[in-house]
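Have a look at the structure below before the remarks.
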Amino acid sequence: MKSKIIVCLTFDFDAESVQIRQREELGRVSKGQFAINRGIPRILTLLKKHEIKATFFTCGWVADEYPESVKNILEDDHELAAHGYLHEHLNDLSLVEEKIIIKMMMESLNKFTTEIKGFRAPYWQLSHNTLKLISEAGLLYDSSLFSDDRPFILQSLNLVEFPVEWFLDDWVIFEIHQHSPNTAYEIWQSQFEAFINEDDVPSNRRIFTLTCHPAAIGHSYRLKILERLIEYMKTKEVIFLKMKDATDYILNKRPL
Ligand SMILES: [Zn+2]
């Protein structure tokens, strides 16, 4: 019999960090603020309704600017994880600059919890130093690489990697390609369905990861699709876990 599937629902909590760093005009900035006003509250309500714990990759600047939103995430027992300071292109930074950014990121997030275990690179773009630097910062996992569709261990760095994909990212589907929610559902559900039927996946690597952005998925007609997907997943043998708990299963070879 196949083991259960772990589902990690992840939310990249950028708010308007991208637009602020790029000095964009107020209209563009306000689009990011939708995450604060509607996205995060609606997502928290949905997760509570379905008794699911999730992971929120949050920029340090966002935590500084919107402490109440971060507190609400933690009060609902979700995971706070790291996502740059002001959504930097890490590959454009020198080693010294990147060290400063990672230090600022950790200091901002550690004001809320010292349980920061994971990192996702803004834009999924890493420098050649990033993984080493986050390992040195004490983090246990990363979720930014594309080299597999199952989690794996970067042995030399002692990091677990949860790979990502553009088609499992709501921003690409909704905001770049302007697809309908039904298209998102069709892609995500069919990938999930295919994955649960693969019979060569080791038991503690059966992890399905979805990436969403509060400013994108937080629109009601899109959130309904995420709920439909959750309801479908619940008809299968799944458990929903924060990524730091999934990391624990992998590192300690815990059976599900
Ligand atoms: Zn982001």
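Whatever order the structure lists ligands and atoms in, that order sets their numbers, starting from 1.
Hydrophobic cluster membership of W171, counting Ile, Leu, Val, Met, Phe, Trp and Tyr whose side-chain heavy atoms lie under 4.5 Å apart directly or via other members: W124, F146, V164, W166, V172, I176. In this structure, Y123 shares a hydrophobic cluster with V18, the cluster being traced through Ile, Leu, Val, Met, Phe, Trp and Tyr side chains under 4.5 angstrom apart.
Applying salt bridge (Lys or Arg N to Asp or Glu O under 4.0 Å) to D200 and the options R150, R205, R206 leaves one that passes, R150.
Ring geometry for H83 against H87 counts as perpendicular: the plane angle is over 60°, on a 0 to 90° scale with 30° as the lower cut.
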Which pairs of donor and acceptor atoms, one on a side chain in residues 26-35, lie under 3.5 Å apart (sequence neighbours left out)?
{"unit_1": "S30", "atom_1": "OG", "unit_2": "G27", "atom_2": "O", "d": "2.6"}
{"unit_1": "K31", "atom_1": "NZ", "unit_2": "E175", "atom_2": "OE1", "d": "3.3"}
{"unit_1": "Q33", "atom_1": "NE2", "unit_2": "E16", "atom_2": "OE2", "d": "3.2"}

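Among protein atoms, those of element N, O or S found less than 2.8 Å away from the Zn ion (ligand 1) are D14 OD1, D14 OD2, H83 NE2, H87 NE2.
Aromatic rings of F13 and F56 (six-membered ring for Trp) have centroids beyond the 6.0 Å cut-off, not under it.
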